[in-house]
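Written out below as structure tokens is the structure these notes cover.
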There are 2 protein chains.
Amino acid sequence: MPDHAPLELERFLPYRLSILSNTLSQAIAREYERRFGLGVTEWRVIAVLARYDGEGLAAREVAERTAMDKVAVSRAVARLAAAGRVIRRTHRGDRRRSVLRLSAKGWAIHDAVAPRARAHERDLLARLDADERAWLERILDKLAPARPPMKAHLTDR
Amino acid sequence: MPDHAPLELERFLPYRLSILSNTLSQAIAREYERRFGLGVTEWRVIAVLARYDGEGLAAREVAERTAMDKVAVSRAVARLAAAGRVIRRTHRGDRRRSVLRLSAKGWAIHDAVAPRARAHERDLLARLDADERAWLERILDKLAPARPPMKAHLTDR
DNA sequence: GCGTTATAGTTTCAAATGCAACCATTGGCA
DNA sequence: TGCCAATGGTTGCATTTGAAACTATAACGC
């Protein structure tokens, strides 16, 4: 009989990351889910629209920035627009593209949720000491490079 | 006008972890999905059954070990059993409980998939140097403690 | 200019997921 | 013993998700 060398799931890196990530996301999600009827996808859309405000993003750009696929973005935006949280217009000069912006209502939600999200992050990082935080930063940069901020003039002429 | 202090999604820890985790899981999942028609949930069940073999786990125990809820386990096991990949019997002495074991077919899949999973992990860790790996280990232990191996005699009398 | 190809975004259908209700069995305990 | 609560597991239903097909518009090549 061969020795099967079973995988030790609980030490397996992708598994542990998955658990950690789900635990965190769910904890945060619960909050704005309950208080604003806001799903994770919708929150992400709001977050990037807030960050790259003033330019009016196309859905595709939102997709790139949120790591969601275009279908997910489309649906999230549809819900947000229906709730009057984002304003969707059509790009003049390219009528395929949409131009998305937060409405006042959208901004209000952002301003309410963002601090809580940061608080969650802070709580999480509080479990680490300064060294560990620095290393984590560095390790994440290697494993999952954060994309550089978008260049406005290249994306929306 | 208030300054909105937008959340920088791409530096937000839970977000980055989520991206990383999804990227990894999907990369691995694609492989056994295509080659064995095996979903993530099913693979996880196989992994824990392999690891705690010889004891015959109850579904509830599988759920604990995989961080899946009991419904997900139930369905994964149903598919696996239907495909002849796990053997499901009833616990003598407690007829509510099931006793789950890998069949030869199940073991074959495990033995085919496990090395590839490990290879993925290796590739990932290869991007880090020894220091970084050690710190990652330590950080993960703090943020998402790996549960200690199950004590056989306590769980299956 | 006209046909072809590419891109933005939406819709549709199937599969995955989650939740609550449910059935069966067991364990407590009066 | 005989009830009631707790546990293991499954099922039904509603929601979410993903992949591919589809619509509309724009860009390209000749």
Side-chain angles (χ1 to χ4, degrees), chain A residues 18-19 21-23 25-27 29-30 33-34 37-45 48-49 55-82 86-100 154-157, chain B residues 18 21-23 25-27 29-30 32-34 37-45 49 55-83 86-100 154-157:
Chain A
S18 162
I19 301 300
S21 159
N22 288 346
T23 307
S25 296
Q26 278 204 330
R30 273 221 192 282
E33 168 74 59
R34 196 168 38 72
L38 203 67
V40 190
T41 56
E42 292 160 60
W43 163 243
R44 283 190 182 172
V45 170
V48 300
L49 289 184
E55 306 160 28
L57 297 189
R60 190 185 53 77
E61 295 166 327
V62 173
E64 282 169 7
R65 290 282 137 189
T66 51
M68 295 160 54
D69 76 18
K70 62 180 188 170
V71 177
V73 171
S74 171
R75 292 202 258 243
V77 167
R79 280 191 296 269
L80 290 168
V86 319
I87 298 159
R88 170 164 45 182
R89 289 197 281 175
T90 318
H91 193 283
R92 44 178 91 260
D94 185 347
R95 299 214 308 267
R96 294 169 303 179
R97 305 179 69 174
S98 50
V99 176
L100 303 171
L154 292 180
T155 61
D156 186 37
R157 63 165 162 97
Chain B
S18 161
S21 159
N22 288 345
T23 307
S25 296
Q26 279 203 333
R30 267 209 205 288
Y32 49 69
E33 167 74 60
R34 197 167 38 74
L38 203 67
V40 190
T41 56
E42 292 159 59
W43 163 243
R44 282 191 182 170
V45 170
L49 290 184
E55 305 161 27
L57 297 188
R60 188 187 56 75
E61 295 166 328
V62 173
E64 282 169 8
R65 289 283 136 191
T66 52
M68 295 160 54
D69 76 20
K70 62 181 188 169
V71 178
V73 170
S74 171
R75 293 203 255 242
V77 167
R79 280 192 295 269
L80 290 168
V86 319
I87 298 159
R88 169 163 47 182
R89 290 196 281 176
T90 315
H91 193 282
R92 42 178 91 261
D94 185 347
R95 297 214 309 268
R96 294 170 304 182
R97 307 180 67 174
S98 51
V99 176
L100 303 171
L154 291 180
T155 60
D156 187 39
R157 65 165 163 92

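Here is how names work: the chains are called A, B, and so on, in the same order as the sequence lines, proteins then strands, and each is numbered from 1. Below, each value reflects all heavy atoms present in this structure, side chains not excepted, and no hydrogens, waters or symmetry copies.
Contact of the B:L38 side chain with the B:L80 side chain is registered, since non-hydrogen atoms from C-beta on lie closer than 4.5 Å.
To the nearest angstrom, C1' of D:dT10 lies 17 Å from CZ of B:R95. Rounded to whole Å, atom C1' of D:dA19 lies 17 Å from atom CZ of B:R34. As a whole-Å value, the separation of B:Q26 CD from D:dA19 C1' is 12 Å. Residue B:H91 contributes atom NE2, which lies 15 Å from atom C1' of D:dG9 at whole-angstrom precision. Spacing between atom CG of A:N22 and atom C1' of D:dT17 amounts to 15 Å, rounded to whole angstrom units. We find that CE of B:M68 is positioned 12 Å from P of C:dA16, with the value rounded to whole Å.
Looking at A:H91, A:R92, A:R96, A:R97 one by one, the single match for side chain to side chain donor-acceptor pair (under 3.5 Å) with A:D94 turns out to be A:R96.
Judged as a side chain to side chain donor-acceptor pair (under 3.5 Å), and not counting sequence neighbours, the contacts of A:S18 are B:R44.
Put simply, the side chain of A:S74 never gets that close to the backbone of A:K70: no donor and acceptor are under 3.5 Å apart.
Residues B:R88 and B:V77 come closest through the heavy atom pair NH1-CG1, 3.9 Å.
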I'd like a list of close polar pairs between nucleotides 8-12 of chain C and the protein, N/O only, cut-off under 3.5 Å.
| from | atom 1 | to | atom 2 | distance (Å) |
| --- | --- | --- | --- | --- |
| C:dA8 | OP1 | A:R60 | NE | 2.4 |
| C:dG9 | OP1 | A:A59 | N | 3.1 |
| C:dG9 | OP1 | A:S98 | N | 2.7 |
| C:dG9 | OP1 | A:S98 | OG | 2.6 |
| C:dG9 | OP2 | A:A59 | N | 3.3 |
| C:dG9 | OP2 | A:R60 | N | 2.6 |
| C:dG9 | N7 | A:K70 | NZ | 2.7 |
| C:dG9 | O6 | A:K70 | NZ | 2.9 |
| C:dT10 | OP1 | A:R88 | NH1 | 2.5 |
| C:dT10 | OP2 | A:S74 | OG | 2.6 |
| C:dT10 | O5' | A:S74 | OG | 3.4 |
| C:dT12 | O4 | A:R75 | NH1 | 3.3 |

